[in-house]
Amino acid sequence: MKSKSKRTGGFFPRVYEAVRLIPHGKVTTYGAIAAYLGSPKSSRAVGYALHVNPYPVEVPCHRVVNRHGSLSGSFAFGGGDAQRALLESEGVSVSDDYTVNLSEYGYFFG
DNA sequence: TATTTGACGATTT
DNA sequence: CAAATCGCCAAAT
């Protein structure tokens, strides 16, 4: 044990883990994940983590949207259209503008 | 070690 | 309301 006060755990794995905690039919925001990890300002890093998302099957990035509940436009699974289909498939109503109602489907880890 | 990039957030113009 | 700008963070090169 190297009792080093430095968390070498890694930021990305935590993001993937948090995203996996999102239940079906719900969505969360980058900022919520960042805050859950302990850094509410690392929302960019969270988005970057999902951008490089090496395991799209284990990390349902389609359940992660920006603070307005709107889709990011990009998607590691196929495209924005695919995301809307996936969310609706889980019971999430997506607007024509690729936006979801966070007041209805927003999940904030608690 | 420094530079670049990026699926964000909030504020200002 | 839309576009532009600043600020913040982490990883890759």
Side-chain angles (χ1 to χ4, degrees):
Chain A
M1 306 271 257
K2 314 273 139 252
S3 309
K4 281 208 151 73
S5 307
K6 209 187 198 64
R7 78 186 77 14
T8 56
F11 186 84
F12 279 36
R14 296 178 200 215
V15 176
Y16 306 140
E17 203 170 342
V19 175
R20 288 174 68 178
L21 300 176
I22 306 170
H24 284 221
K26 291 281 190 175
V27 294
T28 195
T29 66
Y30 300 100
I33 295 170
Y36 174 72
L37 298 178
S39 297
K41 298 178 196 211
S42 58
S43 49
R44 304 185 67 161
V46 173
Y48 191 64
L50 295 178
H51 171 72
V52 297
N53 176 10
Y55 309 110
V57 269
E58 303 193 51
V59 185
C61 3
H62 61 265
R63 293 192 197 135
V64 186
V65 295
N66 64 25
R67 80 166 184 95
H68 290 292
S70 36
L71 283 58
S72 313
S74 296
F75 196 49
F77 292 102
D81 186 58
Q83 195 204 17
R84 181 174 48 167
L86 281 163
L87 290 175
E88 291 190 344
S89 181
E90 295 187 356
V92 179
S93 299
V94 181
S95 297
D96 235 23
D97 196 56
Y98 296 99
T99 306
V100 300
N101 187 344
L102 291 176
S103 303
E104 296 291 315
Y105 308 103
Y107 176 74
F108 292 91
F109 303 96

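A, B, ... follow the sequence lines: proteins, then strands. Residue 1 opens every chain. These values consider heavy atoms only, across backbone and side chains, with no hydrogens, waters or symmetry-generated copies. Because the structure is a prediction, the values reported are computed rather than measured.
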Do [X] and [Y] meet the criterion of a side-chain donor-acceptor pair at a distance under 3.5 Å?
X	Y	answer
A/R84	A/H62	no
A/S72	A/Y30	yes
A/Y105	A/S93	yes

Checklist outcome for this item: Given Watson-Crick and G-U pairs under 3.5 Å, DNA chain C in dot-bracket ([ ] crossing, | other strand) is .||||||.|||||

Next on the checklist: Does A/E88, at its CD atom, have more than 12 non-hydrogen atoms belonging to other residues, nucleotides or ligands within less than 6.0 Å?
Outcome noted: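 More than 12 heavy atoms, drawn from other residues, nucleotides or ligands, come within 6.0 Å of this atom.
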
Checklist entry - Can you give one letter per nucleotide of nucleotides 1-13 of chain B, 5' to 3': B if a protein heavy atom sits under 4.0 Å from the base, S if only from the sugar-phosphate, - if neither? => result -----BBBSS---

Item to check | Side-chain touch A/T29/A/N66, heavy atoms, less than 4.5 angstrom | outcome: no

Checklist outcome for this item: Here the pair of heavy atoms bringing A/S42 nearest to A/F11 is OG-CZ, 3.6 Å

Item to check | Pairwise salt bridge (Lys or Arg N to Asp or Glu O under 4.0 Å) hits with a residue in residues 64-79 of chain A, at least two apart | outcome: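 The answer is none; no pair qualifies.
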
Next on the checklist: Any salt bridge linking A/K26 with A/E90? Criterion: basic side-chain nitrogen under 4.0 Å from a carboxylate oxygen.
Outcome noted: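 Salt bridge: no.
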
Item to check | Whole-Å gap separating P (C/dA10) and CZ (A/F11) | outcome: 6 Å

